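Working notes, beginning with the structure itself.
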Amino acid sequence: MAKHLKTLIKNADVVVTMNDNRQEIAACDILIENGVIVGVGENLPDVDQVINATGCVVTPGLVNTHHHLFQSLVRGVPAGQDALLFGWLKTLYPIFGRMMGEDMYVSAQLGLGELALSGCSMSSDHQYIFPNDVKLEHAIEGARSIGVRFHPTRGAMSVGESNGGLPPDSLVEQEPKILEDFLRVVDAFHDPSDGAMLRVGLAPCSPFTVSEGLMKDAAEMAVDKGVMLHTHLAENDEDIAYSLEHFGCRPGQYAENLGWTGDHVWHAHCVKLDAGEIDLFARSKTGVAHCPCSNCRLGSGIAPVREMRDAGVKVALGVDGSASSDAGHLLTEARQTMLLQRVKNGADSMRAREALEIATRGGAQVLGRHDLGSIEVGKRADIAIWDVSGLQAAGAWDPVAALVLNGPFNVRDLLVEGKPVVAEGQLVNQEERMIVERVQKRVARLMA
């Protein structure tokens, strides 16, 4: 039998474990075997491969719980730069309609490569457009080429303008076909096992783009197939008004009525949740993907993260689509989360370490990954190594807090399942220059 390669991360200045005690260990080593952490402590013996972490803070890999990777090709479209959510979407829908499978593959490489460089070891994706024979596997193959752990969701839009929805009729799909493809992608790609590199979820796009029937059918299918559910909810005032006008209730009640609460459900944004909805999400163990930069960019507001956390709601971070956040840097999202909660609730309302916890352990919890999110024996080896010896953290008395307070930082090394995805600040499995060239070609076609 072939010998398993062991890797030792050696002499880290501090390891931020994110274990139940939130332990931080100075002068620490981490031993990895076959993708699993098998030792955490001082003076562990050298093995086949040693990564010197002197001058570094080591954390669990960051987890992104909301993205639209296909939007990586439509950053900063001029007509949508200063619009609110609905107007911004209407500007972009015609461009989305021209996208092809190769666009999805290349945009996934760009978005996930950018995330990996920001220390993100696992990302979800919410793909809700499928024009021109596009399939979910185009993004899946893009993710495989980068090497990060991936949790794509098969989204959908089924209610077009002619039926009172927001998207043009040309971008919506027939619901029987949607449900058929839901089943196909789950059966073909979902891996429920510990250490899975790929899981799949179901994700009708939003209350203003799908029918209540599709929401119910998706909820029933998710329970039957053992997969997670994801959608947008309560993103801004327009979203609340639409729900009240069309469904006669607030978004939280809408979700509960249709089977969209529970430990297997997470909603994006939730900027406008009220106290009753926060209590509902806490009781039902429903998760939230907080997207602070996107919420700022679109003028949606400041999500009640402090209130949600205090009530016991599971909260994680999302970079959202690059067309609304214009960047995919997860550590920046952690910083923005902390800053916005301080603006709203005072300077003592969120510590840097809590923001870092939301970005790591919080993301793993929301995505149902109990095998990830902390550095402790038995967990999968998704590990970010941050060099804090340079200008960004020079003068910082607290190197852990510096990851959020200082910066911006890119990761020095990133391991996923114990394998290098970023080494010495560079992507391991793809050349950044080649990704940029592919992106430029696809964007030129879309602009033409």
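This is a predicted model, so every value here is computed, not measured.
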Supply the atom-to-atom distance [X] [atom1] to [Y] [atom2], rounded to the nearest 0.5 angstrom.
{"X": "Ser123", "Y": "Leu69", "atom1": "OG", "atom2": "CG", "answer": "6.0 Å"}
{"X": "Leu427", "Y": "Gln109", "atom1": "CG", "atom2": "CD", "answer": "10.0 Å"}
{"X": "Leu331", "Y": "Leu117", "atom1": "CG", "atom2": "CG", "answer": "13.0 Å"}
{"X": "Leu179", "Y": "Gln174", "atom1": "CG", "atom2": "CD", "answer": "11.5 Å"}
{"X": "Leu367", "Y": "His230", "atom1": "CG", "atom2": "NE2", "answer": "8.5 Å"}
{"X": "Asp387", "Y": "Ile385", "atom1": "CG", "atom2": "CD1", "answer": "10.5 Å"}

Under the side chain to side chain donor-acceptor pair (under 3.5 Å) definition, can you give me all pairs with a residue in residues 358-368, not counting sequence neighbours? Asp20-Arg361

Are [X] and [Y] side-chain neighbours, meaning at least one heavy-atom pair lies under 4.5 Å?
{"X": "Tyr93", "Y": "Leu166", "answer": "yes"}
{"X": "Arg250", "Y": "Leu244", "answer": "yes"}
{"X": "Asp194", "Y": "Arg369", "answer": "no"}
{"X": "Ile32", "Y": "Ile383", "answer": "yes"}
{"X": "His66", "Y": "Cys291", "answer": "yes"}
{"X": "Val15", "Y": "Glu24", "answer": "no"}
{"X": "Ser158", "Y": "Ile178", "answer": "yes"}
{"X": "Leu317", "Y": "Thr337", "answer": "yes"}

Can you confirm whether more than 12 heavy atoms, excluding those of Asp187, are under 6.0 Å from its CG atom? yes

Determine whether more than 12 heavy atoms belonging to other residues, nucleotides or ligands lie under 6.0 Å from atom NZ of Lys90. yes

With sequence neighbours excluded, tell me which residues meet side-chain contact (heavy atoms from CB on, under 4.5 Å) with Val172. Met157, Pro167

Partner set under side-chain contact (heavy atoms from CB on, under 4.5 Å) for Gln392, not counting sequence neighbours: Phe409

Looking at [Y] and [X], is any side-chain nitrogen of the basic one under 4.0 Å from a carboxylate oxygen of the acidic one?
{"X": "Arg433", "Y": "Glu437", "value": "yes"}
{"X": "Arg309", "Y": "Glu357", "value": "yes"}
{"X": "Asp398", "Y": "Arg353", "value": "yes"}
{"X": "Asp181", "Y": "Lys135", "value": "no"}
{"X": "Arg144", "Y": "Glu141", "value": "yes"}
{"X": "Arg98", "Y": "Asp103", "value": "no"}
{"X": "Arg149", "Y": "Glu417", "value": "yes"}

Listed pairs under 3.5 Å, donor-acceptor, residues 197-208 side chains, sequence neighbours left out:
residue : atom : partner : partner atom : Å
Arg199  : NE   : Asp191  : O            : 3.1
Arg199  : NH2  : Pro192  : O            : 3.0
Arg199  : NH2  : Ser193  : O            : 3.1
Ser206  : OG   : Thr209  : OG1          : 2.9

Quick check: does any side chain N or O of [X] sit under 3.5 Å from a backbone N or O of [Y], one acting as donor and the other as acceptor?
{"X": "His329", "Y": "Thr332", "result": "yes"}
{"X": "Asn132", "Y": "Gly97", "result": "yes"}
{"X": "Ser243", "Y": "Ile240", "result": "no"}
{"X": "Thr153", "Y": "Asp125", "result": "yes"}
{"X": "Thr261", "Y": "Ser284", "result": "no"}
{"X": "Asn64", "Y": "Val319", "result": "yes"}
{"X": "Asp413", "Y": "Glu424", "result": "yes"}
{"X": "Lys379", "Y": "Ile37", "result": "no"}
{"X": "Arg442", "Y": "Leu73", "result": "no"}
{"X": "Asp382", "Y": "Gly61", "result": "no"}

Does the pair Leu273 and Val313 meet the rule for a side-chain contact (heavy atoms from CB on, under 4.5 Å), with working shown? CA-CA 12 Å; Leu273 291 188; Val313 176; over 6 Å; no

Where does the angle between the aromatic ring planes of Tyr128 and His126 fall among parallel (under 30°), tilted (30 to 60°) and perpendicular (over 60°)? perpendicular

Specify the closest pair of heavy atoms between [X] and [Y], including all atoms of both residues, with the distance to one decimal.
{"X": "Ala108", "Y": "Gly142", "value": "CB-CA, 4.1 Å"}
{"X": "Ser374", "Y": "Met18", "value": "CB-O, 3.3 Å"}
{"X": "Gly373", "Y": "Ala364", "value": "CA-CB, 3.7 Å"}
{"X": "Met99", "Y": "Pro131", "value": "O-CG, 3.6 Å"}

Asp320 and Ser294: side-chain donor and acceptor closer than 3.5 Å? yes

With a 3.5 Å cut-off and no angle check, do the side chains of Arg154 and Gln127 form a donor-acceptor pair? no

Run the side-chain contact (heavy atoms from CB on, under 4.5 Å) test on Val63 and Thr65 for me, step by step, so that the C-alpha distance in whole Å, both residues' side-chain angles and the decisive distance to 0.1 Å come before the verdict. CA-CA 6 Å; Val63 179; Thr65 61; 4.1 Å; yes

His290 and His269: aromatic ring centres closer than 6.0 Å? no

Can you confirm if the aromatic rings of His151 and Trp266 lie within a centre distance of less than 6.0 Å? yes

For residues 327-343, which residue pairs pass the salt bridge (Lys or Arg N to Asp or Glu O under 4.0 Å) check, not counting sequence neighbours? none

Apply the test side-chain hydrogen bond (donor to acceptor under 3.5 Å, both in side chains) to residues Glu238 and Tyr242: give CA-CA distance (whole Å), side-chain angles for both, the deciding distance (0.1 Å), then the verdict. CA-CA 6 Å; Glu238 292 174 299; Tyr242 187 95; over 6 Å; no

One pair to check against side-chain contact (heavy atoms from CB on, under 4.5 Å): Lys216 and Trp260. What are the steps and the verdict? CA-CA 8 Å; Lys216 289 180 180 178; Trp260 276 75; over 6 Å; no

Steps toward salt bridge (Lys or Arg N to Asp or Glu O under 4.0 Å) verdict (Glu102, Lys441): CA-CA 11 Å; Glu102 184 66 15; Lys441 289 179 181 178; over 6 Å; no

Pair Trp386, Leu414 - check side-chain contact (heavy atoms from CB on, under 4.5 Å), show working. CA-CA 9 Å; Trp386 309 88; Leu414 180 69; over 6 Å; no

With sequence neighbours left out, which residue pairs that include part of residues 341-367 fulfil the ring pair (Phe, Tyr, Trp, His ring centres under 6.0 Å) condition? none

